[in-house]
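Data first, discussion second: the structure below is written as structure tokens.
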Number of protein chains: 2
Amino acid sequence: MSALNQTVAGPPGTDRRALRRAAKIAVIVHEAWALSRAEGLAGILLRDLADRVGLRQPSLYAYFDSKLALYDAMFADGNRQLIAYTSDLPSTGDPVRDLTEFVARVVRFSGDDVERHQLLFQRTIPGFEPSPESYAVAVEFLERAGALLQAAGVTRAADIDLFTALTAGLTHQQVANDPGGDRWLKQAGRVVAMFLTEVQQSPRE
Amino acid sequence: MSALNQTVAGPPGTDRRALRRAAKIAVIVHEAWALSRAEGLAGILLRDLADRVGLRQPSLYAYFDSKLALYDAMFADGNRQLIAYTSDLPSTGDPVRDLTEFVARVVRFSGDDVERHQLLFQRTIPGFEPSPESYAVAVEFLERAGALLQAAGVTRAADIDLFTALTAGLTHQQVANDPGGDRWLKQAGRVVAMFLTEVQQSPRE
DNA sequence: GTCTATACATCGATAGAC
DNA sequence: GTCTATCGATGTATAGAC
């Protein structure tokens, strides 16, 4: 990308510029999350966001083509946060423990930020649809979750659907009725044990 | 209410007026749902809604004090729809069958109307909070579900939380990934059986 | 209750100078 | 890249006549 604007052996000016630009975009997205937590996801105003980063509202268009493009960047960022939050888990070799800890992390991740959960897992912004690049980040998370399931012996499509429903149910109730708490989070182990028992007992095809 | 404006033995003119008014409110709410399915829940414009019911935009204020009051009426109406959709179930005496059919109805209800599901079960409209009167309708549904659970021998708070999470998970996945379909709907029986087995096996306190 | 007319406050987005 | 200025659209709500 930036290589197009740079001479082969020239000074790294363009790279530096690209870095500064990426850093500023990161700051804008960070402040957009803060604003979203204060005013709601749909309550983000470009003027308020500009104030937070020391710009005038039209100057934001130097970084984002539209407000939906901002949401798209937030979507990708949120999914990267989710991957980071669920990737440093030690593999104990016990699939029940591993899967439980994973589910607990996902539930806590959602319960800790209602608006982030809304953008990542609900279709609440009119007209917003993730770009292929941003959606790819979401797919990466799903693939990691799929690998964990496979390690636990869960491979049938119906079983995977069941697992996604169980996890979605815990996160949804946690976000909707006890944000920041643990009312459903603490049932993660019970749900995973129940799920794996069910998968083992259900008939092979 | 309308009795205040009516003489004791007078003609039923005021009642008729109140009936016509209530009927018109019902039409407005009905069209608001149609508009919401077309443009999204947050995409309802009072001008468009007025067009659909043959009024000018300011005339809507003769029926609703604000746009949020319209959402409030829709919230109550949607919960009444949900109660109606889950109330004509025959009691077979088999709690597994009864509970399965109930869960299946709830999942189908959500999957059949994404925007209705959003308004009833997600906090997506900035500033909207159901009035006590509208919330009472939602509570009535929850009480009916609670009675069904009790009939199946489910009484512990943690078990009820687990049930709400399972149902919420099925509806969420159905709405989000297969609206109008049956990909998660068809797992209702499996989930209920799994749930009741878990409840019976978990230790008594 | 319904209308016309309009206030009033936004918003997101663009044009063009520096 | 950032600014000022402003457009064009939209959106809720009110005033006052009929």
Side-chain angles (χ1 to χ4, degrees), chain A residues 1-2 4-6 13-29 31-32 35-36 38-74 119 124-129 131, chain B residues 1-2 4-6 13-29 31-32 35-36 38-74 124-129:
Chain A
M1 296 213 174
S2 61
L4 291 173
N5 300 331
Q6 196 185 0
T14 302
D15 272 356
R16 278 196 176 170
R17 208 166 291 167
L19 280 179
R20 282 205 60 82
R21 179 182 171 83
K24 190 142 193 178
I25 287 179
V27 169
I28 295 173
V29 169
E31 292 300 323
L35 200 52
S36 137
E39 308 292 335
L41 197 57
I44 295 178
L45 307 186
L46 295 189
R47 280 176 172 83
D48 294 349
L49 180 57
D51 281 348
R52 280 178 178 261
V53 296
L55 288 177
R56 302 291 184 160
Q57 173 255 328
S59 302
L60 286 175
Y61 284 82
Y63 300 97
F64 298 99
D65 290 340
S66 68
K67 193 181 184 180
L68 288 181
L70 170 67
Y71 284 123
D72 193 56
M74 294 172 72
L119 182 61
T124 175
I125 301 293
F128 170 66
E129 200 168 354
S131 65
Chain B
M1 296 210 166
S2 62
L4 291 174
N5 301 331
Q6 198 184 358
T14 303
D15 272 359
R16 277 197 176 167
R17 209 166 289 162
L19 280 178
R20 281 204 62 79
R21 181 182 169 82
K24 191 141 193 179
I25 287 179
V27 168
I28 295 173
V29 169
E31 291 301 323
L35 200 51
S36 136
E39 307 293 336
L41 197 56
I44 295 179
L45 308 186
L46 295 189
R47 281 178 173 86
D48 294 350
L49 179 57
D51 281 348
R52 279 178 179 261
V53 297
L55 288 177
R56 300 294 183 154
Q57 172 259 327
S59 304
L60 287 176
Y61 283 81
Y63 300 98
F64 298 99
D65 289 341
S66 70
K67 194 180 185 182
L68 288 182
L70 170 68
Y71 284 122
D72 193 56
M74 293 172 72
T124 175
I125 303 293
F128 170 65
E129 198 167 355

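Below, read A as the first sequence line, B as the second, and so on, with proteins coming before strands; counting in each chain starts at 1. Since the model is a prediction, treat every value here as computed from it, not as a measurement.
For the pair A:Ile44/A:Met74, a side-chain contact is recorded, criterion being any heavy-atom separation below 4.5 Å from C-beta on. For the pair B:Asp72/B:Phe64, no side-chain contact is recorded, criterion being any heavy-atom separation below 4.5 Å from C-beta on. Between B:Val29 and B:Tyr63 there is no side-chain heavy-atom pair separated by less than 4.5 Å.
Annotation: proximity of residues 64-74 of chain B to DNA chain C (heavy atom, distance under 4.0 Å) is found for no residue. For residues 43-51 of chain A, proximity to DNA chain D is found at no residue, defined as any non-hydrogen atom under 4.0 angstrom from a strand atom.
The structure places OG of A:Ser131 at 11.0 Å from CG of A:Leu68, a figure rounded to the nearest 0.5 Å. Here A:Leu60 contributes atom CG and A:Asp65 contributes atom CG; the two are 12.0 Å apart, rounded to the nearest 0.5 Å. In this structure, B:Ile125 CD1 and B:Lys67 NZ are separated by 7.5 Å, a value rounded to the nearest 0.5 Å.
If B:Gln57 and B:Gly54 are placed on DNA chain C by their nearest nucleotide, the residue sitting closer to the 5' end is B:Gly54.
Scanning DNA chain C 5' to 3' for nucleotides with an atom closer than 4.0 angstrom to a non-hydrogen atom of chain B gives a first and last hit of C:dG1 to C:dA5.
Distance, B:Tyr61 OH to D:dT14 C1': 9 Å, rounded to whole Å.
Screening residues 43-52 of chain A for salt bridge (charged side-chain N to carboxylate O under 4.0 Å, His left out) gives A:Glu31-A:Arg52 as the qualifying pairs, with residues at least two apart or on separate chains.
Counting any heavy atom pair closer than 4.0 Å across all strands shown, A:Arg21 reaches sugar-phosphate atoms only and no base atom.
Residues passing the ring-ring contact (aromatic ring centres under 6.0 Å, His included) test with B:Phe128 are B:Phe75, sequence neighbours excluded. Partners of B:Thr124 by side chain to side chain donor-acceptor pair (under 3.5 Å), not counting sequence neighbours, listed by chain and number: A:Thr124.
Of the possible polar contacts, none joining the A:Tyr71 side chain to the A:Leu119 backbone as a donor-acceptor pair under 3.5 Å is found.
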